[in-house]
There are 2 protein chains.
Amino acid sequence: MNVYERMKQALITGKYKPEDRLTEEALTGEWKVSRTPIRSALKQLEFDGLITPLKRGYVVRSFSQNDIRQIYDVRSLLEGYAASLSAIHRTEQDLSDMYKANAEFQTIITSQGTNKTEHIQEVLKKNHKFHDAVMRASKDPHTEDLIRKVVVLPLVFHSFYWFQQRELEQSFELHEVIIRAIKDQDSARARSAMHEHIYQGRDRVLEQLKRSDL
Amino acid sequence: MNVYERMKQALITGKYKPEDRLTEEALTGEWKVSRTPIRSALKQLEFDGLITPLKRGYVVRSFSQNDIRQIYDVRSLLEGYAASLSAIHRTEQDLSDMYKANAEFQTIITSQGTNKTEHIQEVLKKNHKFHDAVMRASKDPHTEDLIRKVVVLPLVFHSFYWFQQRELEQSFELHEVIIRAIKDQDSARARSAMHEHIYQGRDRVLEQLKRSDL
DNA sequence: AATTCTTCAATTGTATACAATGAAGCGTTT
DNA sequence: AAACGCTTCATTGTATACAATTGAAGAATT
């Protein structure tokens, strides 16, 4: 893993917390590389929207409840759109990719891992794999690009960490609905199911946040 | 203007053409700065989607007809969405900003400038100002961000260069419809008018492209 | 003749020194 | 005591040298 990826992990796992200041100098010491790769990583993280530039250095970005709402809302719009395109353009290969990804998702959520954090990492990975397969079936790289940008941010909230078993199963079931609609080339249904799926995720995060803010 | 902005101009105006190779070394000579700022600029341009990275250096990105279609389509989705949000959240200040921007747009398109290229630059700027005002009224910085990304690319096609007077007037009129809908807090109408407006732009570019490809 | 290996040149990745910039603290003036 | 300007220090911007990597050309082997 290069510096960018490691710093991204640090941001996602919460090693760097909102409002923490990041200066090039300090980071060279921490990661044992020179300022050049640090600068490069910081710039990329800025693109990702994970850090905000100041006149001097950066801060780890903090997200309000409103931010989260808005991020999930556009994400729903975009992924719903992608799903509707996928219903039109999907190939047999795409379909089998989706099936496979969701089968793996099911395997993971039904197996209780030893370590919770590791288990969640796996769930996350398989979930991502499914969404990726849907996106790719759309054959629209530009939309994919935009979605990719909006998908990174929610990782910061560790949404899956708070999912109950029941909710993971709901996700699995909605994935199935989405696949079926795409298979049937039912654009409108694919879109709507995807919207629903993402809004469920949103509400879970929002709820959790409200609870921890009290 | 810094190196990034100047290089972006070079890409938009067509000084660098699709498939041209860009290497750091060569660019240092051209822009009379060291590799460090060049690298920074290239990275940013990559993010903008104006250039594509190779294993060695970059190429100026080329867009197929399909690309253009897809880019305008998501843009329509996103700007339509932003317009619908603006209809909900707009303040008096937002409205007067839109009015002002569109008044300026009208002034420009009715005045025949001396130099065509300069005139078009002005039209572009005022048009952009209007779209910006609409976006800002949405109060959704994340959507703004995504739109900004998708708005840069069409500049490469010099769409406005091909606009007839009649078509500029149509744009002005649709701007008015959009403003009115936002003023009336008619979300659905604002969204639909924005969709229509952007699709008109798309079709103009597509038509022009078809013509020049023959 | 085709294929693999070797070498070399071109290009990017990294480290680091120096320049420019901006922010904070200090002292002077009113 | 407040406001202004000056100095200093921390931090980023830029240039450049050196290391690592890749691609291409040519040589050697089958």
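What you see is a predicted model, and the numbers here were worked out from it, not measured in a lab.
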Does A:Arg35 have a side-chain nitrogen or oxygen under 4.0 Å from the phosphate oxygens OP1 or OP2 of C:dT14? no
Lys/Arg N to Asp/Glu carboxylate O, A:Asp94 vs A:Arg136, below 4.0 Å: no
Between [X] ([atom1]) and [N] ([atom2]), how many Å, whole number?
X       : N      : atom1 : atom2 : result
A:Trp31 : C:dG13 : CH2   : C1'   : 19 Å
B:Glu24 : D:dT16 : CD    : C1'   : 13 Å
B:Asn2  : C:dA20 : CG    : C1'   : 16 Å
B:Ile38 : C:dG13 : CD1   : P     : 14 Å
B:Leu27 : D:dA15 : CG    : C1'   : 16 Å
B:Arg21 : C:dT12 : CZ    : P     : 11 Å
B:Tyr58 : C:dT12 : OH    : P     : 9 Å
B:Lys32 : D:dA15 : NZ    : C1'   : 15 Å

Assign B:Thr23 to base, sugar-phosphate, or nothing according to its heavy-atom contacts below 4.0 angstrom with the strands shown. sugar-phosphate
Under 6.0 Å between ring centres, would you say that holds for A:Phe47 and B:Phe47? yes
Relative to the 5' end of DNA chain C, which residue comes earlier, B:Thr36 or B:Leu22, by the nucleotide with the nearest heavy atom? B:Leu22
Quick one: on DNA chain C, does A:Ser34 or B:Glu25 contact a more 5' nucleotide (nearest heavy atom)? B:Glu25
Quiz question: going by heavy-atom distance under 3.5 Å, is there a donor-acceptor pair between the base of D:dT11 and the side chain of A:Arg56? yes
Closest non-hydrogen atom pair between B:Leu153 and B:Leu50, with its separation: CD2-CD2, 3.9 Å
Can you tell me which residue pairs pass the side-chain hydrogen bond (donor to acceptor under 3.5 Å, both in side chains) test with a partner in residues 49-60 of chain A, sequence neighbours excluded? A:Glu46-A:Tyr58
